[in-house]
Structures are given as C-alpha cells and as structure tokens.
There are 2 protein chains.
Amino acid sequence: MTQSEENYLKAVYHLEGSQMGKVNTNAIADYMRTKPSSVTDMVKKLSEKGLLNYKRYQGVSLTVPGTKKALSVIRKHRLWETFLVEKLDFSWDEVHEVAEQLEHIESEKLIDQLDSFLGFPKADPHGDPIPDKNGELEEQHTRLLSLLPVNSSSICVGVRDTSVSFLNYLDKNKIALGDQIQVLEKEAFDDSVHIQIGERKLHLSNRIASNLFMK
Amino acid sequence: MTQSEENYLKAVYHLEGSQMGKVNTNAIADYMRTKPSSVTDMVKKLSEKGLLNYKRYQGVSLTVPGTKKALSVIRKHRLWETFLVEKLDFSWDEVHEVAEQLEHIESEKLIDQLDSFLGFPKADPHGDPIPDKNGELEEQHTRLLSLLPVNSSSICVGVRDTSVSFLNYLDKNKIALGDQIQVLEKEAFDDSVHIQIGERKLHLSNRIASNLFMK
DNA sequence: TTCAATATTTAGACAAAACTAAAAATATGT
DNA sequence: ACATATTTTTAGTTTTGTCTAAATATTGAA
C-alpha cells in the first residue's frame, strides 16, 4: 500500500462522512488538489484491489477492507498529532503537515506503543476521536455552538474547521478545548452569539460558532 | 530531496568511512541491494545537484553539502532509534527498520524538539554518535575489545555490527553498553578472549570481540 | 604488453503517479 | 425532447527510480 493510495482512501472516508452517499470524482480531485483524470486512474486501481466500490460514472464508496485501512491511517495521524502537541510542544495549528508524513510510517508495534505511551487518548488536539486498535470510534454526540439555545452551558470538545487561520483565531481569543461556555444571547440579524467563558464575555460570528463542537 | 536520494548519500557516507577514499559503483550497489546501473543513474543526478563528486569510472565522494545532508539524515535516524528504545520500549535489534522510515520525515522543528525531549543524547542505542544540529560528531577514541591487552579493563560503549543476530547474541549473553569488561586471557590459537563482566566469566570468539567498541 | 576478467556505463524498457487534451457519458433547462 | 453544460473517462505524455542486456573502460596477470 503506497502513501498515495492511503491518501486516496482517507479522502474518500472524509468525503463519505461529510456528504453522505457515493463520492464523486470531482469532489475527490478538489479535496486532494489533483485532477479528475488522476482520480479515475487511482480509483480503478483501488477498486481492483477491493478497497473501493466503483462503477464508471457512478462515483465510489469504501468497501469494508477500505474503511478499515482508512481508519488505520486516521488513527496514526491523530496519535502523531497528539504526540506532537503533548510531548514535543507543538501548537495545534502546526501539527497537521508533519502528521501527514508520519501517518504513512509502517509499523504496527510503533503505533501501538505510541498509543500506550500517550495513555490511550480518546481524542486528538482538535477534539477529533482517535480510532482504537480495532478501528472503533467513540461516539461523540456533540452539537455546534451556533445551534445551542440561549442560557445553555456546555463544554467545548472539538473544532470542525482545523485550518491554521481558525486555530489561530481561537488561540488569540483564548478559546480552548475543555472550556465551559455559556450562551448569553443570540443576534437574530446575523446569527452571531454572545458567550461567557469564565469571567470573559465574547461576541462570536456565526461562522465561528458553527465550527465549535460542544458537549 | 527524495528518500531515495537521501539513502544514496547515507550509503556513500558509510562507505567513505569504512573503506577510505573514493567509493566505487559496485560497493554502493551491494550496500543498497540494487544494481550498478541504477547506482550510475542516481550518482549522475546527485553530482549534477552538487552533492557528490563524480567522474565516470573514477568512483564518487561526498561534497561538503552532500556530507552535511548525509549527517542530517543520520542524525534523524539515530535520534529516532533512541526514541524507540527509551520511550517506546523497543529492543535494540528492532529499531533499525522503523528508523529507516522515520529518518525521511521532513521537519526541522520535529527533529530539534525530539532531540530536546530525549535530553540531547550523544549516542544512539548501539553506541553510535548522534550528530548535533550543526552536523558535529563527538570524537569517540574507542578501541575494539579484540585489540585490548590482557588485564586491561574498560567500558563497552558501542557495537560495530548492528545486525539482529549479533545484537541477539549480546542480549542472550547479557552483554550491554555501559558494562565494565576485563580481559583475562587471550588464546593465541584462534584469537578468542576470556573476559570478566561483574561476577561472570565469558569466552568470546574473535568475531565477537572485534565487533565491540571499548573505552 | 596484450588479453582476459572485472567494473562501469549506456541504451532501452517498465511501473507508479501524476498531467493535458480530447472524447464520451450523464445531467439539466426550457 | 433536445441542445447545452457538466462530469467523467480515455489516450497519450512526463518524471522518478528501477531493471536487463549490451557496450565500453579499467585492471591485472602471464
């Protein structure tokens, strides 16, 4: 299994999760910043290997072995991100690029020992769940901050957007995973929300509030 | 710089160290388990990039930038080996294969933070010196156990052969880096040596004794 | 010094993964 | 339903790193 093949499986996994149903060629090309013709080539190869279901012009979906493989790459990615933040003092906006490389290292012992070394974490630094050795994901049951009613109070457990600019915004405004947040008021005009974190009051745009997972 | 290019530079570095002078095509091919014609192709490319000195039929040597690059890869390899043994409970015969992959991860911050996390180690689990951030190697001044005089006593600081079989032999006979070893007697017939480690007396073949670095 | 053995390079081919340009299939709007 | 727009695939090319087979250079022994 090459790195490129692993990246395609990961892409299909993420796209299946976000848009439900069959994943189309252009979506994969956009997601991977490559061309549709390259996607067709690789999709054929992966379907011959039994990792994708594919009929021409009909889009693709992961097979059971394909899903298993995708989850194993995601497990590695998220464990390495956790390692970088917890042990090597990386900030949460720096880890993605390096984890994209580390996720392709092949050694079952390495990843299981790393898991143990980190204390079998359930989520990575962005709050995304880490699959266990068997590919099982812990159910999240979270809601977006933008959808919570006025006066409700909950804990921030994850981010939907993991771009550097969004993570920087959160850092600058001292919003972190684990923070207790109360919704004070919602503006009907632009769907922005007034919140309270500890002693601080903040005003967040809908764009921001709809990228924070709360529990 | 691709992984393959890095592996060639590393190979030339090791061969320059062991056989002195220009390194020939066949030696590189043997070391890398590839064919001489493949070596010629890559050597041309690396010399065009200014990393190797090369004239046809005359063998190769590393340029200054080539040496620097080789040392940076070796630094990464040895730091990862140290990490695997010290933090993830790998044994010293299991680390090489995984480190061969990890050494190609590109991130200066990653490797410098790892160095710091490990406490800036001077040597890897086999006793080989770890180049610092600037590529400086600490001088070793060691001698092979097979060359030490009778009655001398010194500390085992490294292994020359790092094959799994040799490392297993040492583990089985409870010989480890840091052990104090005294030479009791040398057999003129086969150049084997009788030694004392702590309370234990052992008889080592010349083959074994000439693969242990002492200080 | 000359010829045979050895070492090295060249030439040509292949597989992987990408691309461009063009063709074909599907979807959509009126 | 039909023409047009969009999506997807095909065909052919490129780059990287490898290989085999053949050609060429170097070395060394008689």
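Letters A, B, ... are given to chains in the order of the sequence lines, protein chains preceding strands, and every chain is numbered from 1.
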Original post:
With a cut-off of 6.0 Å (strictly less than), are more than 12 heavy atoms of other residues, nucleotides or ligands near NZ of K109(A)?
Top reply: yes
Original post:
CD of Q140(A): more than 12 outside heavy atoms within 6.0 angstrom?
Top reply: yes
Between [N] atom [atom2] and [X] atom [atom1], what is the distance in whole Å?
| X | N | atom1 | atom2 | value |
| --- | --- | --- | --- | --- |
| M42(B) | dC19(D) | CE | P | 11 Å |
| Y54(A) | dT7(D) | OH | P | 16 Å |
| M32(A) | dA18(C) | CE | C1' | 11 Å |
| E48(A) | dA15(C) | CD | C1' | 14 Å |
| Q3(A) | dA18(C) | CD | P | 11 Å |
| L46(B) | dT16(D) | CG | C1' | 13 Å |
| D30(B) | dA7(C) | CG | P | 9 Å |

Should [X] be listed as having a side-chain N or O under 4.0 Å from OP1 or OP2 of [N]?
| X | N | answer |
| --- | --- | --- |
| S4(A) | dA18(C) | yes |
| K44(B) | dT10(C) | yes |
| S38(A) | dC19(C) | yes |

Original post:
Residues two or more places apart in sequence or in another chain: which of them pass side-chain contact (heavy atoms from CB on, under 4.5 Å) with N24(A)?
Top reply: Q19(A), N26(A), A27(A)
Original post:
How about S61(B) and N53(B): does a side-chain donor come under 3.5 Å of a side-chain acceptor?
Top reply: yes
Report, one line per pair, each donor and acceptor closer than 3.5 Å where one atom sits in a side chain of residues 63-77 of chain A; sequence neighbours left out.
{"from": "T63(A)", "atom 1": "OG1", "to": "G50(A)", "atom 2": "O", "distance (Å)": "2.7"}
{"from": "T63(A)", "atom 1": "OG1", "to": "L51(A)", "atom 2": "O", "distance (Å)": "3.1"}
{"from": "T63(A)", "atom 1": "OG1", "to": "G66(A)", "atom 2": "N", "distance (Å)": "3.1"}
{"from": "T67(A)", "atom 1": "OG1", "to": "T63(A)", "atom 2": "O", "distance (Å)": "2.9"}
{"from": "K69(A)", "atom 1": "NZ", "to": "E6(A)", "atom 2": "OE2", "distance (Å)": "3.4"}
{"from": "R75(A)", "atom 1": "NH1", "to": "D115(A)", "atom 2": "OD2", "distance (Å)": "3.1"}
{"from": "R75(A)", "atom 1": "NH1", "to": "P131(A)", "atom 2": "O", "distance (Å)": "3.1"}
{"from": "R75(A)", "atom 1": "NH2", "to": "D112(A)", "atom 2": "OD1", "distance (Å)": "2.9"}
{"from": "R75(A)", "atom 1": "NH2", "to": "D115(A)", "atom 2": "OD2", "distance (Å)": "3.2"}
{"from": "K76(A)", "atom 1": "NZ", "to": "E103(A)", "atom 2": "O", "distance (Å)": "3.2"}
{"from": "K76(A)", "atom 1": "NZ", "to": "I105(A)", "atom 2": "O", "distance (Å)": "3.1"}
{"from": "H77(A)", "atom 1": "ND1", "to": "E103(A)", "atom 2": "OE1", "distance (Å)": "2.8"}
{"from": "H77(A)", "atom 1": "NE2", "to": "E81(A)", "atom 2": "OE2", "distance (Å)": "2.9"}
{"from": "H77(A)", "atom 1": "NE2", "to": "H96(A)", "atom 2": "ND1", "distance (Å)": "3.4"}

Original post:
Heavy-atom contacts under 4.0 Å between residues 17-27 of chain A and DNA chain C, which residues?
Top reply: none
Subject >> Pairs where residues 19-28 of chain B contributes a residue and the test salt bridge (charged side-chain N to carboxylate O under 4.0 Å, His left out) is met, not counting sequence neighbours >> reply: none
**OP:** Please say whether the positively charged group of K87(A), taken as NZ for Lys or CZ for Arg, lies over the ring of F83(B), i.e. under 6.0 angstrom from the six-membered ring centre and within 45 degrees of the axis.
**Re:** no
Original post:
Does anything in residues 5-16 of chain B reach DNA chain D, meaning a heavy atom under 4.0 Å, and if so which residues?
Top reply: Y8(B)
Subject >> Under 4.0 Å protein heavy-atom contact, by nucleotide of nucleotides 21-28 of chain D - B base, S sugar-phosphate only >> reply: ---BSS--
Original post:
Starting at the 5' end of DNA chain D and moving along, which residue's nearest nucleotide shows up first, T2(B) or D41(A)?
Top reply: D41(A)
Residues forming a ring pair (Phe, Tyr, Trp, His ring centres under 6.0 Å) with [X], sequence neighbours excluded:
| X | result |
| --- | --- |
| H104(B) | none |
| Y8(B) | none |
| H14(B) | none |

Original post:
Looking at residues at least two apart in the chain, or sitting in another chain, which of them share a side-chain hydrogen bond (donor to acceptor under 3.5 Å, both in side chains) with E136(A)?
Top reply: none
Subject >> side-chain hydrogen bond (donor to acceptor under 3.5 Å, both in side chains) against S192(A), all qualifying residues, sequence neighbours excluded >> reply: D190(A), H203(A)
Subject >> Which nucleotides of DNA chain C pair, in dot-bracket form (Watson-Crick or G-U under 3.5 Å, | meaning another strand) >> reply: ||||||||||||||||||||||||||||||
Original post:
Taking all non-hydrogen atoms of both residues, which atom of S152(B) and which atom of L148(B) are closest, and how far apart?
Top reply: OG-CB, 3.5 Å
Original post:
Per the salt bridge (Lys or Arg N to Asp or Glu O under 4.0 Å) rule, which among K49(B), K10(B), K44(B) passes with E5(B)?
Top reply: K49(B)
